[in-house]
Amino acid sequence: MLFFGRRKKNVMNKITTLDTNWVGHPKSIAAALLDSENHRAIIDPGPESTLATLRDQLRANGVEIADLDAILLTHIHLDHAGATGTLVRENPRLAVYVHSKGAPHTVDPAKLLNSAGRLWGDELKFLFGETLPVPRENLRILEGAETLTLGSRKLDVVYTPGHASHHVSYFDDDAGVAFIGDTTGIRIDNGPYILPATPPPDIDLGVWNQSFAAILDRRPARLFLTHYGFSNDPSAHIAEFRERLHHWAEVAEQALTSAANDPAPLDADARDAAALSAFVKKSRAEMDEILGSVEAEHHAFTAALNLSFLGLARYIRKRTAALDAPS
């Protein structure tokens with residue numbers, strides 16, 4: 001079956017979902033194993049804390065880390081890319097594909113880790129493990145608009161910022177699959193709820209809308225989400241996610257406004273805490289209603305609702321400052 005009619009499909013190409021079982025949570029982080037004519041690549045290997053599980057998942061598919069040829073990163077957030085340096089240390093011939101804006105932080109992850117430490121605190125090591133630098137010579141720098149040849153597989157690279165300023169997506173036209181990282185949110189096993197993931201510092205809803213358009217222009221038959229698995233109706237998925245993303249931004253803005261207008265003598269930190277609490281309460285109630293409490297907790301763990309508020313609040317404040325600035 002041809003999805004686009006642009007290339008002849010190669011039946012030897014295979015896509016396998018690898019569940020990394022993030023700190024005992026199945027179906028939270030998925031890596032994608034791409035196998036094509038003796039070329040093996042992983043898209044978003046996950047954090048170093050899940051490396052033992054990743055290794056087991058690869059072996060279950062007859063693959064060792066030494067057999068891998070490439071790692072393709074949608075972006076460098078630790079839940080997607082944290083294991084990369086450790087994998088390269090074990091297999092020094094690995095090529096690592098990453099956007100130019102993210103590449104410096106793979107070579108020297110100090111700023112990335114400092115930022116993550118402020119967000120995750122004492123849980124950082126438990127959740128993500130050790131993040132090692134990637135040697136510069138292993139990097140293959142992307143800007144978007146490239147076509148990668150991996151065995152007989154062709155992957156087109158598209159720049160898709162919004163969730164992160166260095167985010168790219170990979171399009172396998174033969175398979176009709178778009179590997180879109182976090183660009184279209186969190187949806188576990190094509191389930192009934194799509195959850196925004198909006199951590200600081202790069203959230204930008206304006207450019208995010210452009211990324212939605214870029215994905216839809218490619219007309220993929222399926223989306224592959226790192227959190228988690230395939231989504232089978234990209235147009236409907238993106239329409240629903242766009243609506244919820246902007247809805248959550250409105251909820252965050254309302255929470256900030258309500259806290260700012262509270263007549264109680266609160267300092268800035270107390271107002272921020274009140275806004276965060278109001279946002280989490282409202283968004284979690286929405287999730288509970290649709291998913292039930294158990295699966296809502298699964299989604300909330302995967303996304304970290306408090307970080308989603310912080311990212312949206314930062315975006316709202318930057319947007320407000322830009323609008324208030326003299327022309």
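Throughout, numbering of the chain's residues begins at 1 and tracks the sequence.
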Taking side chain as C-beta onward, heavy atoms only, is [X] less than 4.5 Å from [Y]?
X	Y	value
Arg55	Glu90	yes
Ile29	Thr226	yes
Leu34	Leu155	yes
Leu73	Pro45	yes

* **From CA spacing to verdict: ring pair (Phe, Tyr, Trp, His ring centres under 6.0 Å), Trp208, Tyr315** => CA-CA 12 Å; Trp208 210 329; Tyr315 162 73; 9.3 Å; no
Please give me the minimum heavy-atom distance between [X] and [Y], naming the atom from each residue.
X	Y	answer
Leu68	Arg93	O-NH2, 3.2 Å
Pro201	Arg314	O-NE, 3.0 Å
Leu150	Ala41	CD1-CB, 4.3 Å
Ala278	Ala255	CB-CB, 4.2 Å
Leu87	Leu94	O-CD1, 3.6 Å
Ala116	Leu124	CB-CD1, 3.7 Å

Return yes if a side-chain donor-acceptor contact under 3.5 Å exists between [X] and [Y], otherwise no.
X	Y	value
Thr147	Asp156	yes
Arg187	His237	yes
Glu143	Ser100	yes
Thr302	Ser28	yes
Ser152	Asn13	yes

* To do: Determine the sole option in Val177, Asp172, Ile43, Thr74 for which the side chain to side chain contact (heavy atoms under 4.5 Å, CB included) test with Phe224 is passed.
  =>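 Per the side chain to side chain contact (heavy atoms under 4.5 Å, CB included) rule, the option paired with Phe224 is Val177, out of Val177, Asp172, Ile43, Thr74.
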Taking [Y] as the starting point, is it possible to reach [X] by hopping between hydrophobic residues whose side chains are less than 4.5 Å apart?
X	Y	answer
Val23	Leu305	yes
Leu216	Val207	no
Val88	Leu132	no
Val294	Ile188	no

Decide if atom [atom1] of [X] counts as having more than 12 heavy atoms of other residues, nucleotides or ligands within a radius under 6.0 Å.
X	atom1	value
Arg136	CZ	no
Asp122	CG	no
Asp217	CG	yes
Glu289	CD	no

Nearest 0.5 Å, please: how far is [atom2] in [Y] from [atom1] in [X]?
X	Y	atom1	atom2	result
Ser231	Arg222	OG	CZ	10.0 Å
His299	Ile290	NE2	CD1	10.0 Å
Ser211	Leu205	OG	CG	11.0 Å
Ile238	Thr183	CD1	OG1	9.0 Å
His75	Thr160	NE2	OG1	9.5 Å
His167	Ile76	NE2	CD1	11.5 Å

State whether [X] and [Y] are salt-bridged, where the test is any N-O pair (Lys NZ or Arg NE/NH1/NH2 against Asp/Glu carboxylate O) under 4.0 Å.
X	Y	value
Glu297	Arg284	yes
Asp35	Arg40	yes
Lys154	Asp173	no
Arg317	Asp272	yes

* For Thr50 and Gly46, indicate whether the former's side chain and the latter's backbone hold a donor-acceptor pair under 3.5 Å. =>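 Checking the backbone N and O of Gly46 against the side chain of Thr50, no donor-acceptor pair under 3.5 Å is found.
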* **Flag, side chain of Glu146 to backbone of Gly144, donor-acceptor distance under 3.5 Å** =>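 Looks like yes, one N/O pair under 3.5 Å.
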* Asked: Are Phe179 and Tyr170 close enough that their ring centres sit under 6.0 Å apart?
  ->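 Aromatic pair excluded; centres sit 6.0 Å or further apart.
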* To do: Check whether the ring centres of Trp22 and Phe128 lie less than 6.0 Å apart, and answer yes or no.
  =>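 Yes - the distance between ring centres of Trp22 and Phe128 falls below the 6.0 Å cut-off.
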* To do: Only counting residues at least two apart or in another chain, list the ones meeting ring pair (Phe, Tyr, Trp, His ring centres under 6.0 Å) with Tyr159.
  =>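 Once residues adjacent in sequence are excluded, the partners of Tyr159 under the ring pair (Phe, Tyr, Trp, His ring centres under 6.0 Å) criterion are His99.
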Let me check something: any side-chain donor-acceptor pairs from residues 191-200 under 3.5 Å, sequence neighbours excluded? List them with distances.
| unit_1 | atom_1 | unit_2 | atom_2 | d |
| --- | --- | --- | --- | --- |
| Tyr193 | OH | Arg244 | NE | 3.4 |
| Tyr193 | OH | Glu286 | OE2 | 2.6 |
| Thr198 | OG1 | Ser308 | O | 2.8 |

* To do: Applying ring pair (Phe, Tyr, Trp, His ring centres under 6.0 Å) between His80 and each of His227, His166, His163, report the one that passes.
  =>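 Only one option passes, and that is His227.
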